[in-house]
Amino acid sequence: MNIKYRKEINNMQPYVPGKPIEDVQKELGLKDVIKLASNENPHGCSPMAKEAIKQELDNLAYYPDGNTGRLRSNLSSFLNVDEDQLIFGAGSDEIIGILAEVFLCPGDELLTSDQSFPRYDSAAHLMGAKIVKTPLTNYTYDLNAMKEQVSKKTKLVILANPNNPTATYFTSSSLEDFLDFLPDNVMLVLDEAYYEYVDAKDYPKSLELLEKHSNIIILRTFSKAYGLASLRVGYGIASAEIIELLNRVRNPFNVNSLAQQAAIASLKDQDFVNKAVKLNKEVKEYIYGEFDKLNIEYLPSQANFIMFNAKRPSLELFEALQERGFIIRPAFGVPNWVRVTLGTMEQMEAFIETLKEIY
Ligand SMILES: *Cc1c(COP(=O)(O)O)cnc(C)c1O
């Protein structure tokens, strides 16, 4: 092929998502397949979200509200921030891309951690930026090590809290210490995709930090605890000035109407979220207990997934589980460890039985 294209693309690969349930069923001739691979909500979403989508079906011929007005006003009251402090995206994924476009030039540096969310890399690669990563310490973001990597070229710092795939978190005091150090002209992204699941008392109250620091954006999503992953809707919270910069780059109709209506309804149904979080906690306690009995090493989780030591190459356990109808995720970049999403109690009991069989 003789076509000329940007050299940045050379370093990039298409994202390889987990296989859909139907593909695994067909390939392996399995009747039942349980997907525990993408940290989706095993309880689905709020019934109010489904109802809101039905109501919206007559409007499919119209473009969505490009300003996400009603969702914006609902979320601004819910979070107690100004409406102009919010940006919505087709998943928080899209906002990560927008941040890279706004803040990274070729040769600039994105600072993040090893064994974290791969989307950060692709966003930075596309802009021709350099990706600087520090290793995890005790499977946790090491903010002290990151301080030492901040340079004049650092334009964007992304911290996942809790981290994916480890489900570990860093504390409020370590974040404040990091913020005291970070020059205030460097943009800091706090990716809090699993925020609703967190119960650690010393987890950062990031919204309060926004009042003191103008260089922070917090990313959250309707994909995980709210159970709306298929609709693609996430959001960022920052100063109005930062949001205005991001809006210059944002596609005008980036959040579709069904997603907007479903998100509004879901936000009103906090009972659904609270119940999902409570069930997740019960399942987590169950898994801790079973892993202890089986002598399986694991990382205490602040999210709806858990990473554990497979005691063999992770791909091997992945395949053994897949043959038996469970899709999990070999943890990115941590050999011998795998990540499993916490499903329903019933699913996890079956999962544990299957693990016993394999071991
Ligand atoms: C799932 C996830 C997201 C993105 O979710 P969206 O569906 O794009 O909102 C962002 N960050 C982390 C760490 C995640 O695990």
Side-chain angles (χ1 to χ4, degrees), residues 15-18 35-42 44-45 49 68 71 75 86-101 110 112-124 131 133 136 139-141 156-170 188-198 203-204 206 217-237 246 250-251 254-256 258-260 262-263 266-267 273 276 280 299 301-307 328-334 338-342:
Y15 180 75
V16 184
K35 186 179 175 214
L36 303 171
S38 303
N39 305 339
E40 292 139 334
N41 188 333
C45 69
T68 42
L71 176 54
L75 189 62
L86 295 170
I87 182 170
F88 295 89
S92 43
D93 250 17
E94 187 192 18
I95 305 176
I96 294 166
I98 294 174
L99 285 161
E101 288 174 332
L110 161 77
T112 184
S113 176
D114 268 340
Q115 282 105 40
S116 194
F117 197 48
R119 177 71 180 111
Y120 309 150
D121 299 45
S122 58
I131 298 155
K133 291 180 178 181
L136 298 174
Y139 299 99
T140 306
Y141 264 69
L156 199 56
V157 180
I158 310 188
L159 312 175
N161 199 30
N163 184 33
N164 179 5
T166 54
T168 52
Y169 75 108
F170 52 81
L188 176 68
V189 183
L190 298 173
D191 184 348
E192 298 185 345
Y194 301 93
Y195 171 79
E196 293 81 6
Y197 289 108
V198 172
Y203 180 77
S206 53
I217 184 164
I218 301 161
L219 300 183
R220 293 184 190 163
T221 180
F222 286 94
S223 296
K224 306 283 160 64
Y226 287 92
L228 297 178
S230 71
L231 293 175
R232 314 303 303 124
V233 50
Y235 57 95
I237 318 156
L246 303 183
R250 180 177 65 82
N251 286 338
N254 59 334
V255 181
N256 74 72
L258 303 183
Q260 293 191 30
S266 300
L267 202 56
V273 181
N280 179 68
L299 305 178
S301 161
Q302 284 294 315
N304 65 340
F305 56 92
I306 185 164
M307 206 166 98
I328 58 151
R329 193 89 186 190
F332 348 112
V334 195
V338 297
R339 185 193 76 186
V340 64
T341 302
L342 299 170

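Model, not experiment: these values are computed from the prediction. Whatever order the structure lists them in is the order used to number ligands and atoms, beginning at 1.
Contacts of Glu94 with ligand 1, taken as heavy-atom pairs under 4.0 Å, are absent altogether. Here Arg119 has no heavy atoms under 4.0 Å from ligand 1, in either its backbone or its side chain.
Closest to atom 14 (C) of ligand 1, if we only count protein heavy atoms, is Lys224 NZ, 3.2 Å. Shortest contact from atom 5 (O) of ligand 1 to any protein heavy atom: Ser92 OG, 3.5 Å. Of the protein's non-hydrogen atoms, the one nearest atom 15 (O) of ligand 1 is Tyr194 OH, 2.6 Å. Here the heavy atom of the protein found nearest to atom 7 (O) of ligand 1 is Ser223 OG, 2.5 Å. Atom 11 (N) of ligand 1 has its closest protein heavy atom at Asp191 OD2, 2.6 Å.
Checked against a 3.5 angstrom limit, the closest N/O atoms of Asp93 and ligand 1 fall inside it.
In terms of modelled atom types and a separation under 3.5 Å, the side chain of Gln260 and the main chain of Val255 share a donor-acceptor contact.
Here is the list of ligand 1 atoms found below 4.0 Å of a heavy atom in Asn164: 13 (C), 14 (C), 15 (O). Set against the non-hydrogen atoms of Gly91, the atoms of ligand 1 under 4.0 Å away are 6 (P), 8 (O), 9 (O).
Every residue meeting the side-chain hydrogen bond (donor to acceptor under 3.5 Å, both in side chains) condition with Arg250, not counting sequence neighbours, appears here in chain and number order: Asn247, Asn254.
Considering Asn39, Thr166, Leu299, Leu36 in turn, Asn39 is the only one that fulfils the side-chain contact (heavy atoms from CB on, under 4.5 Å) rule with Arg339.
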